[in-house]
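So you know, we letter chains A, B, ... as the sequences are listed, proteins then strands, and number each from 1. Bear in mind the structure is a predicted one, so any value in this text is a computation, not a measurement.
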Amino acid sequence: MNSVRVRFAPSPTGYLHVGGLRTALYNFLLAKHHGGSFIVRIEDTDQSRKVEGAIENLIESLRWAGVEFDEGPGKEGKYGPYIQSQRLKIYHDHVQRLLEKGEAYYCFCTSERLDQLRKKQAEAKEATIYDRHCRTIPFDEATKRAASGEQHTVRMKIPLDGELTFNDLIRGKVTIAYKILDDQVILKSDGFPTYHLAVVVDDHLMEISHVIRGEEWLPSTPKHVLLYKAFGWELPQFAHLPLLLNPDKSKLSKRQGDVAVEDYRTKGYLKEALINFVAFLGWNPGDEREIFPLADLIKEFSIEHINKSGSVFNIEKLNWLNQQHMKLKNENDLLALVKPLLDERGWTSFSDEYRKQVIALMKERVVVLSDFVTECAYFYEDPATYDEKAKAKNWTADSLNYLQKLKEKFEALNVFDAASIEAALRSAAEEFHVGAGKLIHPLRLAISGVGHGPSLFHMMEVLGKETSARRIRLALERLH
RNA sequence: GCUCCCAUCGUCUAGGGGUUAGGACACGAGCUUUUCAAGCUUGUAACACGGGUUCGAUUCCCGUUGGGAGUACCA
């Protein structure tokens, strides 16, 4: 395969959807696998849906995920501009060519007439399709009317009968009869092209080799093929990706959970995990490996291993993958990611060394980055409350005695590390003739305020002698 | 309604004319352990249905059912 050029072509309606991320990723992976180019093109031909800042947002989400493009907005190559609203003249010229070739025609129908037509067809249980009312207007007459300023659109001429077959890299041959195809509007009355025209013109001009996009485009691909033919252009390869689904199997949507890439970012998911997860929704390497950093995805990716059916976006698996990728990171990497979160929380007065010790203790038991804040509060401030359940379970009448004794033992310690803390505690347990658990659980509650967490002795070592002593004293005053 | 696409454990999937239908997540049990995780061992769980083709079909073909998408001067 020489010169792979692929593109991700989102419309700027707000944020990057995780489904969009997967589409972008597959395009990116194919390009990088073959040493080709990945292009981002903004499809903003619908003026009414424009959202301020959406382009920047999209690009930032891609950048965060590590899906870097070779050409696109802000990174102009020789095929730009990469924003469709800046390419209007190009579309107009191409529409003109179609008009002159007799492959398209002016349409003067009002949207009221169109609405009525559709309504009637629906009532008669017929396919709702344009009745080609304007297709027979002589070209000269239509040109004159359009030139005189009469409101109009331009539609493509679909052959009246016959059928069209095209090849899809994922689905094989797909055939559709012309008679169910609409004479699609390609130029709107506001002068903007519709998606169908713009996508074909741009993909050709930008020398796109593979059109990889969501399955929702499959039914309109014949129109695009027809347009390529009308222009006399060579077809790209098509690959229509299976959809990402809600748990109820409908197309993944906002109301059933988070769909924006930035949501997962702020929740504390690692980009490596999100990428890995989303890559495996519809693709797999063909063996049983599951943990794939981006570099490995690039190495192994192939269109042949993409499957046909939609996949449910299952957050449980994402959580697991996030843990796995978390473990792959060392304390320095994690510190860089967690530090801003700690600072934001106001825990600014701690050394990097200290924070790294906390991370080391906790990394095996957190799921997302934000857990380094929410699950680690007691490393940064004294507990204000004590978990009721843990207290009910492990705090007994004797606990105060035990803690008092432990306090004295710890004070006598010259070296306050996990081993000496443990030794001190075990000797105390012996003196009381009870199991170590009788001391450990209340002590954990006193130190951390909760009933679970990392090794108590290591936790106290990290906290230090002074803090540990203070917390025992505090607990002695507050627990009874 | 019409058109197109799809169909293996609850979920993500491997496989493919002859397999004890494999793995992962989740769930259950056990081990380990000061707790919680992690880890290890282990268990439950699937070829939608009906016809063909074939010595043999989960796999190939047709149909049914189910699901999804499209059906805009939205993308």
Side-chain angles (χ1 to χ4, degrees), chain A residues 9-13 43-46 48-49 107 109-111 114-115 118 121-130 151-155 168 170-171 174-177 179-182 184-196 198-199 213-222 240 242-243 245 247-251 277 280-291 305 307-321 323 327 362-367 375 390 393-394 422 425 435-441 443-445 448 450-457:
Chain A
S11 49
T13 52
E43 313 230 319
D44 60 343
T45 55
D46 185 353
S48 65
R49 293 213 306 174
C107 175
C109 293
T110 60
S111 34
L114 263 16
D115 286 346
R118 265 191 293 269
Q121 287 168 330
E123 278 166 9
K125 294 207 185 280
E126 290 166 9
T128 50
I129 193 168
Y130 179 56
Q151 273 259 322
H152 66 275
T153 61
V154 176
R155 291 179 181 270
D168 185 278
I170 295 171
R171 282 147 222 287
V174 178
T175 302
I176 294 193
K179 65 173 181 208
I180 65 118
L181 254 33
D182 223 331
Q184 186 69 48
V185 169
I186 55 176
L187 191 71
K188 301 185 256 186
S189 57
D190 66 357
F192 278 74
T194 59
Y195 171 84
H196 307 284
V199 77
R213 80 234 291 195
E215 192 185 355
E216 68 269 25
W217 294 110
L218 194 59
S220 47
T221 302
H240 288 92
L243 263 16
L245 273 23
D248 72 357
K249 304 263 187 184
S250 58
K251 188 172 163 180
F277 176 61
F280 271 63
L281 254 23
W283 175 89
N284 70 82
D287 54 41
E288 284 167 1
R289 291 170 298 159
E290 302 246 33
I291 311 299
H305 275 118
N307 51 229
K308 298 177 188 181
S309 48
S311 26
V312 173
F313 190 94
N314 177 219
I315 198 91
E316 303 283 358
K317 189 100 176 212
L318 207 210
N319 287 340
W320 176 77
L321 271 173
Q323 275 181 312
K327 280 192 212 169
M362 293 299 287
K363 69 185 267 197
E364 294 258 312
R365 56 201 91 221
V366 299
V367 175
E375 300 296 314
K393 193 173 172 202
N394 295 311
E422 178 164 9
L425 182 136
K438 284 276 178 217
L439 307 193
I440 288 171
H441 296 302
L443 181 58
R444 173 185 294 284
L445 185 65
S448 72
V450 294
H452 59 87
S455 154
L456 174 62
F457 309 123

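Contact annotation for Arg49(A): base contact, defined as any heavy-atom pair under 4.0 Å involving a base atom. At the heavy-atom level, Phe277(A) lies nowhere under 4.0 Å from the strands shown. Within the nucleic acid shown, Gly453(A) comes within 4.0 Å of at least one base atom, counting heavy atoms only. Heavy atoms of Ser311(A) sit under 4.0 angstrom from primed sugar atoms or phosphate atoms, though from no base atom.
Between A24(B), A37(B), A75(B), one nucleotide has an atom nearer to the side chain of Ser11(A) than all others, and that is A75(B).
Between Lys317(A) and Glu290(A) there is a salt bridge, with a side-chain nitrogen of the basic residue lying less than 4.0 Å from a carboxylate oxygen of the acidic one.
Side-chain to base pairing of Lys317(A) with A24(B): one donor and one acceptor N or O lie within less than 3.5 Å of each other. In this model, no side-chain donor or acceptor of Thr153(A) finds a partner on the base of C73(B) within 3.5 Å. Below the 3.5 angstrom threshold, one finds a donor paired with an acceptor across the side chain of Ser455(A) and the base of U34(B). For Arg365(A) against C36(B), a side-chain-to-base donor-acceptor contact under 3.5 Å is present.
Atom C1' of nucleotide U11(B) and atom CD of Glu316(A) are separated by 9 Å, given to the nearest angstrom.
Heavy-atom distances to RNA chain B give each of Glu215(A) and Leu243(A) a nearest nucleotide, and the one nearer the 5′ end belongs to Glu215(A). Each of Ile170(A) and Pro219(A) was assigned the nucleotide of RNA chain B with the nearest heavy atom; the assignment lying further toward the 5' end belongs to Ile170(A).
In this structure, C31(B) and G39(B) make a Watson-Crick or G-U wobble pair, each of the two defining distances being under 3.5 angstrom.
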